[in-house]
Amino acid sequence: MESSISAITLLLVILVPCALGGHDYGQALSKSILFFEAQRSGYLPHNQRVNWRSNSGLQDGKASGVDLVGGYYDAGDNVKFGLPMAFTVTMMSWSIIEYGKQMAANGELGHALDAVKWGTDYLIKAHPEPNVLYGEVGDGNTDHYCWQRPEDMTTDRRAYKIDPSNPGSDLAGETAAAMAAASLVFRHYNPAYANELLSHARQLFEFADKYRGKYDSSITVAQKYYRSVSGYNDELLWAAAWLYEATNNQYYLNYLGENGDSMGGTGWSMTEFGWDVKYAGVQTLVAKFLLQGRAAHHGPVFERYKDKAENFLCSCMKKGTRNVQTTPAGLIFRQRWNNMQFVTSAAFLATVYSDYLSSAGANLRCAAGSVQPSELLRFAQSQVDYILGDNPRATSYMVGYGNNYPRQVHHRGSSIVSIKVNSAFVSCRGGYATWYGRKASDPNLLTGALVGGPDAYDNFADERDNYEQTEPATYNNAPILGILARLSGGHSGYNQLLPVLLPPLNHPDPSAYPKTLPSPVSSSTPITVEQKMTTSWTAKGNTYYRYSTKVTNKSSKTLKDLKLTISKLYGPLWGLEKSGESYVFPTWLNSLAAGESLEFVYIHTASPANISVSSYTLS
């Protein structure tokens with residue numbers, strides 16, 4: 001959990017992995033995504049991979065007459081804080097938007113999409129009316145008094161909201177940004193869901209802009225933990241930028257152009273980027289628009305945004321006029337309490353901006369001289385390598401990666417025996433007596449969690465009560481997804497300034513495509529399965545084929561509990577969930593009405609896979 005900080009002083013191209021360093025970035029990516037499953041609240045799905053967790057928070061929102069079951073616990077506690085949760089979703093989405101192709105090559109795109117959707121499903125619930133948004137469930141004070149598993153918690157689960165009488169432009173703006181960014185992620189996979197997200201984003205932006213105020217003045221219980229020091233102007237610009245990216249609507253472009261100077265977008269030279277202060281993120285996005293030629297008549301203003309974006313990155317590389325602090329071994333250092341959040345977010349901006357510059361054939365302009373995009377990427381890589389163990393302590397600050405990582409994480413769920421192992425109730429204070437002070441490794445491995453990290457001198461104490469250094473947070477992990485995907489998957493010469501599009505860039509002669517290929521399904525079944533190859537391309541000497549498969553319910557009843565058997569599949573698949581040896585409906589779909597179809601895709605270097613219907617029910 002965060003404390004108040006000081007005031008401001010698609011997408012689907014297979015790329016052969018090309019690791020850029022000595023670390024297994026692909027493995028680190030897989031682990032960093034898995035962490036989000038340990039943070040889930042609500043009813044856990046059938047494909048939950050973190051098996052020591054169970055259902056929790058099942059009455060959330062009930063006292064307020066709204067369903068707020070689901071979402072993420074922010075850190076090592078059991079509170080659902082809306083501002084950092086929305087920022088987490090925004091950054092996960094941005095990671096996928098930029099590097100979903102590399103995630104696909106690593107087989108992790110489906111898991112990343114699930115992680116985003118777990119957050120957006122909750123954010124939709126939290127926005128039951130155009131001008132009402134629930135921004136917190138639970139109370140940090142009562143929660144911190146107890147040390148309990150989420151499955152046992154007896155703390156206050158009151159829900160707190162903002163509305164026109166109690167505004168929160170920062171909270172509503174960040175949630176609008178999250179919804180807009182996520183709509184881009186789902187545009188090709190679930191268009192109806194993407195449109196729903198975009199509708200919420202538009203409403204939330206209008207709400208945030210019309211009824212202005214800081215959310216922690218309305219939800220005062222958040223002040224001790226997630227105080228909005230920067231105010232709300234940065235979130236309004238951030239939301240406008242993401243809505244422009246998602247809609248290409250000139251209204252949002254004009255909002256950025258007309259308000260950039262007055263709302264700080266072109267004025268603040270930043271030395272941090274995170275859940276509170278969004279200016280560096282806004283400036284980076286607007287710089288992208290400028291490089292894409294999308295600034296229209298706002299070119300001069302957008303140039304000022306871009307200057308500030310580059311000032312931030314120059315300061316990170318110690319080539320600016322006001323540089324960020326680093327530890328003796330080179331890690332960005334902003335504050336002792338959960339410093340890691342600033343490391344991953346800054347490294348993410350360095351990663352995407354290096355690719356923007358490469359695509360534009362430009363360099364970074366710093367006070368100390370010109371910096372090539374490759375240098376910017378190497379800086380980002382250096383931060384990740386430090387996190388993964390290249391540091392004076394040879395400690396990996398990602399739990400479960402390498403051999404020497406934190407074993408006593410400040411996290412209620414991981415530090416107490418799983419309820420599936422011992423179902424005996426853990427009381428509020430009993431958890432402190434039995435588990436909190438226990439000088440032993442956590443009984444449950446919090447795989448992929450990025451803890452707060454070392455102090456200003458590269459020192460670190462692996463102790464559960466050392467919450468400043470050993471507590472993880474979702475917003476530590478979200479930005480590193482994109483960096484790890486980029487480092488794992490490489491670049492391969494694509495243009496990062498092109499819009500996210502399907503199909504892939506290489507378009508073979510359509511006449512060479514085979515005709516639709518029916519799978520071996522019995523003629524008596526009311527379910528049909530049709531496959532077709534939609535494109536192919538060659539990379540590193542291998543020819544890859546993308547197959548689209550449509551499953552149609554030909555009956556007059558609703559199809560449920562579908563199980564498919566797929567053999568001779570040698571690559572990643574999207575649009576279904578793996579359940580044992582079978583494939584089942586994805587998490588966002590539980591049935592097919594009469595006449596409806598489900599489409600999924602897979603990519604491999606062979607003829608079509610064998611797909612057959614194992615079982616189903618009709619009702």
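Here the structure is a predicted model, which is why all the values come from computation and not from measurement.
No donor-acceptor pair closer than 3.5 Å links the side chain of Tyr99 to the backbone N or O of Gly489. In this structure, the side chain of Asp355 does not engage the main chain of Gln496 through any donor-acceptor pair within 3.5 Å. Checked by atom type and distance alone, the side chain of Ser41 never pairs as donor or acceptor with a backbone atom of Gly57 at under 3.5 Å. When atom types are taken as modelled, the side chain of Glu174 and the backbone of Glu235 share no donor-acceptor pair closer than 3.5 angstrom. Side-chain atoms of Glu303 never come within 3.5 Å of backbone atoms of Ala287 as a donor-acceptor pair (strictly under, hydrogens ignored). A donor-acceptor pair under 3.5 Å is absent between the side-chain atoms of Asn363 and the main chain of Ser370, judged by distance alone. Judged by distance alone, the side chain of Asn233 and the main-chain N or O of Gly264 form no donor-acceptor pair under 3.5 Å. Of the possible polar contacts, none joining the Ser315 side chain to the Asn323 backbone as a donor-acceptor pair under 3.5 Å is found. No donor-acceptor distance shorter than 3.5 angstrom exists from the side chain of Asp170 to the backbone of Lys214, with no hydrogens or angles considered. Although no hydrogens or angles enter the test, the distance criterion places a donor-acceptor pair under 3.5 Å between the side chain of Ser169 and the main chain of Tyr211.
The local environment of CZ in Phe333 is crowded, with over 12 non-hydrogen atoms from other residues, nucleotides or ligands closer than 6.0 Å. Within a 6.0 Å radius of CZ in Arg294, other residues, nucleotides and ligands contribute more than 12 heavy atoms.
Residues Gln292 and Tyr356 have side chains that never bring a donor and an acceptor to within less than 3.5 angstrom of each other. Residues Asn141 and Tyr225 have side chains that bring a donor and an acceptor to within less than 3.5 angstrom of each other. Under the 3.5 Å distance criterion, with hydrogens and angles disregarded, no donor-acceptor pair is assigned to the side chains of Ser228 and Asp216. Looking at Thr474 and Asp74, their side chains never bring a donor and an acceptor atom within 3.5 Å of each other. The closest side-chain donor-acceptor pair between Thr266 and Asp261 falls under 3.5 angstrom. One side chain, Asn476 or Asn338, offers a donor N or O that lies under 3.5 Å from an acceptor on the other. Of the N and O atoms on the side chains of Trp242 and Ser93, not one donor lies less than 3.5 Å from an acceptor on the other residue. Side chains of Ser56 and Tyr73: a donor on one and an acceptor on the other come within 3.5 Å. In summary, the side chains of Asp234 and Ser230 do present a donor paired with an acceptor at a separation below 3.5 Å, with no hydrogens or angles considered. With hydrogens and angles left out, the side-chain atoms of Tyr405 and Arg407 include a donor and acceptor closer than 3.5 Å.
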Practice item. Take His410 and Glu468, measure what side chain to side chain contact (heavy atoms under 4.5 Å, CB included) needs, and give me the verdict at the end. Key: CA-CA 9 Å; His410 184 89; Glu468 292 182 335; over 6 Å; no
Practice item. Decide ring-ring contact (aromatic ring centres under 6.0 Å, His included) for Phe348 and Trp94; before the verdict, give the C-alpha distance in whole Å, the side-chain angles of both, and the deciding distance to 0.1 Å. Key: CA-CA 10 Å; Phe348 177 86; Trp94 198 358; 5.0 Å; yes
Exercise for review: Show the numbers, then the answer: is there a ring-ring contact (aromatic ring centres under 6.0 Å, His included) between Tyr397 and Phe460?
Suggested key: CA-CA 10 Å; Tyr397 294 105; Phe460 177 79; 5.0 Å; yes
Practice item. Apply salt bridge (Lys or Arg N to Asp or Glu O under 4.0 Å) to Asp442 and Arg464, showing your working. Key: CA-CA 9 Å; Asp442 294 334; Arg464 194 168 295 111; 2.7 Å; yes
Review point. Given Trp238 and Tyr279, is the ring-ring contact (aromatic ring centres under 6.0 Å, His included) satisfied, shown in steps?
Key: CA-CA 8 Å; Trp238 178 240; Tyr279 282 115; over 10 Å; no
Review point. Between Glu136 and Lys161, is a salt bridge (Lys or Arg N to Asp or Glu O under 4.0 Å) present by the stated rule, with each step listed?
Key: CA-CA 7 Å; Glu136 184 172 330; Lys161 68 181 180 181; over 6 Å; no
Point to revise | Stepwise side chain to side chain contact (heavy atoms under 4.5 Å, CB included) check, Met103 with Leu481 | key: CA-CA 9 Å; Met103 290 182 189; Leu481 303 189; 4.1 Å; yes
Exercise for review: Take Thr155 and Asn78 through the test side chain to side chain contact (heavy atoms under 4.5 Å, CB included) and record every step on the way to the result.
Suggested key: CA-CA 9 Å; Thr155 50; Asn78 300 327; 5.5 Å; no
Review point. Is there a side chain to side chain contact (heavy atoms under 4.5 Å, CB included) between Ile97 and Val185 once you walk through the steps?
Key: CA-CA 6 Å; Ile97 289 165; Val185 168; 4.0 Å; yes
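Pairing each heavy atom of Ile332 with each of Asn339, the nearest pair is O-ND2, 2.8 Å. Residues Trp275 and Pro84 come closest through the heavy atom pair CB-CA, 4.3 Å. What you find for Asp139 and Thr142 is that their closest heavy atoms are O-OG1, 3.2 Å.
Not counting sequence neighbours, the partners of Lys308 by the side-chain contact (heavy atoms from CB on, under 4.5 Å) test are Ser269, Gln283, Asn311. Taking Ser374 as the reference, Gln372, Arg378 meet the side-chain contact (heavy atoms from CB on, under 4.5 Å) condition, with sequence neighbours excluded. His127 meets the ring-ring contact (aromatic ring centres under 6.0 Å, His included) test with His200; sequence neighbours excluded.
How far OG1 of Thr284 is from OH of Tyr353: 7.5 Å, rounded to the nearest 0.5 Å. One distance of note links NZ of Lys318 with CZ of Arg322; it measures 12.5 Å at 0.5 Å rounding. How far OG1 of Thr344 is from CG of Leu349: 10.0 Å, rounded to the nearest 0.5 Å.
Using a 30° and 60° split on the angle between ring planes, Phe205 and Tyr255 fall in the perpendicular class, above 60°. Ring geometry for His23 versus Tyr25: interplanar angle of 30 to 60°, hence tilted.
Centroid-to-centroid, the aromatic rings of His411 and Trp147 stay 6.0 Å apart or farther. Taking the six-membered ring for Trp, Phe289 and Tyr244 have ring centres closer than 6.0 Å.
Note on Asp307 versus Arg365: salt bridge recorded, some NZ/NE/NH1/NH2 to OD/OE distance being below 4.0 Å. Note on Glu245 versus Lys288: salt bridge recorded, some NZ/NE/NH1/NH2 to OD/OE distance being below 4.0 Å.
When the options Phe273, Phe81, Tyr226 are evaluated for a ring-ring contact (aromatic ring centres under 6.0 Å, His included) with Phe87, the one that passes is Phe273. Between Arg334 and the choices Met340, Gln325, Gln341, Glu272, the side chain to side chain contact (heavy atoms under 4.5 Å, CB included) rule is met once, by Glu272.
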